[in-house]
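Report on one structure; see the data block that follows.
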Amino acid sequence: MRLRLAVIPGDGIGPEIVREARKVLNRVAQLYGHQIEATQVLMGGASIDACGEPLTDEALEVIRQQDAILMGSVGGNPATSPWYQLPPQKRPEAALLRLRKEMGLFANLRPAYLYKELRSACPLRDEIIGDGFDMMIMRELTGGLYFGQRKTEEIDGVMTAVDTLTYNEMEIRRIAKRAFDIAMKRRKKVCSVDKANVLDSSRLWRKVVEEVAKDYPEVSWEHMLVDNCAMQLVKDPRQFDVILTENMFGDILSDEASMVTGSIGMLSSASLNDTKFGLYEPSGGSAPDIAGKDLANPIATILSAAMMLRYTFDLDQEAAAVEAAVQQVLTEGYRTGDIMAEGCTQVGTVAMGDLITERIRG
Ligand code: IPM
Ligand code: MG
């Protein structure tokens, strides 16, 4: 199969972690007889430095010609980086939001899974961890506060800022359907998270989710308020299978869920639209403080590449081979610094990528 990829290394640790994921993909291609055609694309700070804006129309055009995007991360340290002297719509993160919107990537899948080998990296108590947990956060990605109108102005001498949270029923329905479809392939449970005791958008969310749920009689489901969900994630994470939620709540809850799996360096992600096209990236940020030091954990990016094999290319066997290689490296006791535990062997970004690559079976 021909795999046409836009590769966006981005900023901070992005280039290092993407390099390791590409090593893994090249090995998969070699073993399973696929051809990878990778086109490098600049985005974020790297694009600001080279082209004066975080995502050019030309770059977007190149991306449109590919089947999928493999991305590292974008952004720098707002306190020190000159990128943050620019107006908000010219900053690195604006590129990511534009890319999500332009490609219609409304469904963001973030699987939070606790490897039994990483139990000691999990900050929760043993009796809470139990036999581990495995959840899928389905975050709506092209609506809500991220894309509503915003402005900052002076009203009667007082600086005032407005952000708007808008959802229409179509946007809610399509993400809800995705969540229920995915639940059907898992443990058939959906927890829809909102703030319906305060927000109109959440009340509409509830109504539409209830309608969608009727088409999935096998799925057990519930509504949960977001503040309660934040609490339940650390009190009893085993109760969750699929968590369905809007953009901003999903941003926050997915970071929380990643931390209970040990590290954000383990959390992969896929952002999908109505076609097979997808954007695959780790859920974590660009971590400029550790960039270039061979310290970053490449596993989230490697697992994102596995999601790409599965969701865009339907290469389930290849995806499983990557996941098995990650599992094996952890079982053998290799760890990057963020998930290091007593008795394990600490390795850097490159060595972790090599170890996983070597363990991929054809
Ligand atoms: C994420 C990130 C982004 C988001 C930032 C970089 C804009 O935190 O993918 O979770 O908030 O969506
Ligand atoms: Mg986030």
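Counting starts at 1 for both ligands and their atoms, following the listed order. Side chains are part of it too, since the values below use all heavy atoms of this structure and drop only hydrogens, waters and symmetry mates. Quick note: residue numbers are just sequence positions, from 1.
Salt-bridge formation is not detected for the pair Glu37/Arg4: no Lys NZ or Arg NE/NH1/NH2 atom is positioned less than 4.0 Å from an Asp or Glu carboxylate oxygen. The existence of a salt bridge linking Glu61 and Arg64 is confirmed by a sub-4.0 Å separation between a basic side-chain nitrogen and an acidic carboxylate oxygen. The pair Asp57-Arg98 meets the salt-bridge criterion, with a side-chain N (NZ, NE, NH1 or NH2) lying under 4.0 Å from an Asp/Glu carboxylate O.
Taking the six-membered ring for Trp and thresholds of 30 and 60 degrees, His34 and Tyr32 have nearly parallel ring planes, at less than 30 degrees apart.
In terms of modelled atom types and a separation under 3.5 Å, the side chain of Tyr84 and the main chain of Gly76 share a donor-acceptor contact.
Residue contact check for ligand 1: Met248 places no non-hydrogen atom closer than 4.0 Å to it.
Ligand 1 has no N or O atom lying under 3.5 Å from any N or O atom of Glu281, backbone or side chain. Here's the thing with Arg139: one of its N/O atoms is less than 3.5 angstrom from an N/O atom of ligand 1.
Residue contact annotation: Asp251 places an N/O/S atom under 2.8 Å from the Mg ion (ligand 2).
Atom 2 (C) of ligand 1 has Asp251 OD1, 4.0 Å as its closest protein atom, hydrogens excluded (heavy atom only). For atom 1 (C) of ligand 1, the closest non-hydrogen atom on the protein side is Arg110 NH2, 3.4 Å. Tyr146 OH, 2.5 Å is the protein heavy atom nearest to atom 11 (O) of ligand 1. Of the protein's heavy atoms, Glu93 CG, 3.8 Å lies nearest to atom 6 (C) of ligand 1.
The number of heavy atoms from other shown groups lying within 6.0 Å of CD (Gln149) does not exceed 12.
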